Amino acid sequence: MRTHQDWAKEAAQLTFRTRAFVGGRYGEAGDASFENRNPATGALLSEVVDAGKAGVDQAVAAARATFESGLWSRASASFRKERMLRLADLIAENAAELALLDSLDMGKRVVDAHELDVPFSVSLFRYYAEAIDKINDEVAPTPPGTLGLIRRVPLGVVGAVIPWNYPVDMLAWKAAPAMAVGNSVVLKPAEQSPSSALRIAELAAEAGIPDGVLNVVPGLGDSTGKALGLHPDVDVLAFTGSTEVGAYFLQYAGQSNLKQVWLECGGKSPHVVFADAENLATTAKQTAFGIWFNQGAVCSAHSRVLVQREVHEEFVSLVAAEAAAYAPGDPLDPASGMGAIVSPEQTDRIMQFVDAAGSSGARLVTGGERVRLDGSDCYVQPTVFDDVDPASELAREEVFGPVLAVTAFNTEDEAVALANDTSYGLAASVATSNLSRAHRLAERIHAGTVTVNGVDAFSAGTPFGGFKGSGFGRDLSLHALDKYVGLKTVWINH
Ligand code: NAD
């Protein structure tokens, strides 16, 4: 196990890639750039190229050329499989470096990046690599003298635009299934966390994946992201990020070439706790994890707790007692409970929600303070507000920070109504020991994933995504492949 000192020493030796990776190599520096700062200290890490329209044009051209060459899109299943498995191995071999890049870029605890994010990204590249030679196409029951083949074909150039909260994982969620079925990818990482994606592109080349299959264009949203969204030669755009920006991509598609758009957006997920929950102390630990893990910067963060009146007070005290385990600290220190908030702007935004909640009549139970550490004030205490009005901003809007809103309910019907009273529909969790109630709630709550007696469960093999303002299309599982293939019918008359 690495210590705080070990991580700090390795961090000091890191190299940050800063230029777009296109057609198998890092490009020239562009006309524009942006600063990449460590939110935990405020230190400048690197000056990164904003690829912009010119950079996106080059990357899409490289992706298109490789796609048309057939080197990857028409390669044998075993060729793609072996190279993607090799990329998974290389990501695993470079786990400490990738974890550090993400931690320094966006403030998460390096141990979480190292023990959870990078291994999950490795498992996804393996999962989709292994799927490649196990999925068959179909033969339709057509009239005698004919053969009707139903083929799943890659669509071409996939644009992927991802957020900063899980940089290594978000890359794998999009690129692994898109590449597995033969597409070429142009991926734009978030401007707050460009470094690990630029490094993984280089590892893909080292793995023998043909040049132009995985291109990474760093840049800002309204320059590089927009250029990718509007590009007339991008066939599919897979986006993860806020609902607001997701809506732009639908517009970009309409204004350009009707590219297919898949959106994984935000959430305001409820954790519904009934008085008959088997163990309230365990449930409180799950609640704490569901809101404070990764500084609350989780799309499916369970930022609303709906708790039955009989156990309301006891449960709120149990959750508040868990806050000590999530005290913010240096992200490189394994003893820190939470890391830093991604940026001063996001910290300001979180504190605006805290201030507004205070003046809306909600009761502050614990936390609520911004914290200064190591010369940076991008830290926020784990925070709980009780008696939150379901109509208030804190109950309705995604904070994307470590702030929990608690509301009490009396009956099961009331709990369902509150859970569904949201413009989002990404995830929900339910704590109950009543089996029938568990099934009823799983059926009645309108969310892409409902977890009973746990919080926010997901795996490589299960679909992940939302309803309503949380978007559409599914990441993870074999269903994700459907986003990156088209059905082609081939008739052979004989
Ligand atoms: P964001 O929407 O601000 O940015 C996401 C990406 O879009 C970034 O790469 C950004 O540069 C780009 N972008 C921003 N403005 C753009 C524009 N005008 N045109 C084109 N591209 C633009 O989100 P964020 O702050 O990076 O991430 C947080 C959000 O992501 C939260 O809402 C969170 O819920 C969501 N998220 C969802 C999932 C999911 O699977 N549903 C997973 C993780 C994060």
Side-chain angles (χ1 to χ4, degrees), residues 34 36 39 48 50-53 56 105-108 117 120 159-174 186-194 197 216-231 234 237-253 255-256 259 261-269 293-303 341-343 345-347 349-350 397-401 422-427 447-449 456 458 462-477 480 483:
F34 60 93
N36 177 23
V48 184
D50 181 7
K53 185 176 178 314
V56 167
D105 273 5
M106 52 63 70
K108 67 166 64 203
D117 299 7
F120 193 55
V161 177
I162 60 172
W164 47 262
N165 58 339
Y166 286 96
V168 168
D169 280 355
M170 289 295 112
L171 177 145
W173 286 36
K174 305 296 184 204
V186 178
L187 179 133
K188 191 198 91 62
E191 51 271 44
Q192 298 87 345
S193 57
V216 174
V217 284
L220 303 177
D222 60 8
S223 55
T224 306
K226 186 173 179 181
L228 201 50
L230 283 170
H231 203 289
V234 169
L237 195 298
F239 170 79
T240 292
S242 61
T243 301
E244 182 190 352
V245 176
Y248 290 148
F249 280 95
L250 293 173
Q251 294 178 25
Y252 298 153
Q255 288 161 12
S256 54
K259 58 177 68 62
V261 176
W262 301 107
L263 303 177
E264 295 279 358
C265 301
K268 192 77 201 176
S269 300
F293 185 71
N294 209 43
Q295 303 75 242
V298 180
C299 52
S300 48
H302 284 46
S303 50
I341 306 297
V342 66
S343 64
E345 296 75 25
Q346 179 65 6
T347 316
R349 191 173 168 272
I350 293 169
E397 290 189 25
E398 185 181 42
V399 177
F400 225 56
T422 169
S423 59
Y424 296 108
L426 189 55
T449 300
D456 196 15
F458 68 96
T462 51
F464 183 95
F467 300 129
K468 304 198 284 184
S470 295
F472 49 85
R474 292 294 178 263
D475 279 331
L476 307 180
S477 81
K483 299 192 295 191

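Nothing here was measured: the structure is a model prediction, and the numbers come from that model. We count ligands from 1, going down the list as the structure has it; atoms in each ligand are counted the same way. Hydrogens, waters and symmetry mates play no part in the numbers below; they use all other heavy atoms, side chains included.
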Could you tell me if the side chain of [Y] sits less than 4.5 Å from the side chain of [X], heavy atoms only?
X: Leu237; Y: Tyr252; value: no
X: Asp475; Y: Lys483; value: yes
X: Thr422; Y: Lys468; value: yes
X: Pro189; Y: Leu171; value: no

Positive for side chain to side chain contact (heavy atoms under 4.5 Å, CB included) with Glu264, one of Phe464, Phe239, Phe472: Phe464
field: Nearest-0.5 Å distance that lies between atom OG1 in Thr240 and atom CG in Asp169
entry: 11.0 Å
message: Let me confirm one number: the CD1-CZ distance from Ile350 to Phe400, rounded to the nearest 0.5 Å.
response: 9.5 Å
query: Would the Tyr166 and Trp173 ring centres measure less than 6.0 Å apart?
result: no
task: Report yes if the distance between the aromatic ring centroids of Phe120 and Phe458 is under 6.0 Å, otherwise no.
output: yes
What are the atoms of ligand 1, with element, lying closer than 4.0 Å to any heavy atom of [X]?
X: Gly266; answer: 32 (O), 34 (O)
X: Phe239; answer: 2 (O), 5 (C), 6 (C), 7 (O)
X: Gly225; answer: 20 (C), 21 (N)
X: Leu426; answer: 41 (N)
X: Cys299; answer: 33 (C), 34 (O), 36 (N), 37 (C), 38 (C), 39 (C), 40 (O), 41 (N), 42 (C), 43 (C), 44 (C)
X: Thr240; answer: 5 (C), 36 (N), 37 (C), 38 (C), 39 (C), 40 (O), 42 (C), 43 (C), 44 (C)

[atom]: the protein heavy-atom neighbour that sits closest, reported with distance to 0.1 Å:
atom: atom 2 (O) of ligand 1; result: Ser242 OG, 2.6 Å
atom: atom 11 (O) of ligand 1; result: Glu191 OE1, 2.6 Å
atom: atom 33 (C) of ligand 1; result: Phe400 CE1, 3.1 Å
atom: atom 35 (C) of ligand 1; result: Gly241 O, 3.2 Å

- request: Determine, using heavy atoms of Gly466 and all atoms of ligand 1, whether some pair is separated by less than 4.0 Å.
  value: no
- request: Please state whether Tyr166 comes within less than 4.0 angstrom of ligand 1, counting heavy atoms only.
  value: no
Taking N or O atoms only and a 3.5 Å limit, does [X] qualify as a polar contact for ligand 1?
X: Trp164; answer: yes
X: Lys188; answer: yes
X: Pro163; answer: no
X: Tyr248; answer: no
X: Gly221; answer: yes
X: Trp173; answer: no

Per-residue contact class, [X] against ligand 1 - non-hydrogen pairs under 4.0 Å:
X: Glu398; value: side chain
X: Cys265; value: backbone
X: Ile162; value: backbone
X: Asn165; value: side chain

field: Residues in side chain to side chain donor-acceptor pair (under 3.5 Å) contact with Asp105, at least two apart in sequence or another chain
entry: Asn36, Ser195
- prompt: side chain to side chain donor-acceptor pair (under 3.5 Å) with Thr462: which residues, sequence neighbours excluded?
  reply: Ser459
message: On a heavy-atom basis, I'd like to know which of Val245, Leu220, Val161 is closest to atom 16 (C) of ligand 1.
response: Val245
task: Identify which of Phe249, Tyr252, Phe458 has a heavy atom lying nearest to atom 19 (N) of ligand 1.
output: Tyr252
message: So which atom in Ala190 and which in Pro163 form the shortest heavy-atom distance, rounded to 0.1 Å?
response: CB-C, 3.6 Å
field: Heavy-atom protein neighbour under 4.0 angstrom from atom 4 (O) of ligand 1
entry: no
message: Are more than 12 heavy atoms, taken from residues, nucleotides or ligands other than Tyr248, located less than 6.0 Å from that residue's OH atom?
response: no
query: Between the side chain of Lys268 and the main-chain N/O of Glu397, is any donor-acceptor distance below 3.5 Å?
result: yes
field: Backbone of Ala427 reached by a side-chain donor or acceptor of Ser300 within 3.5 Å
entry: no
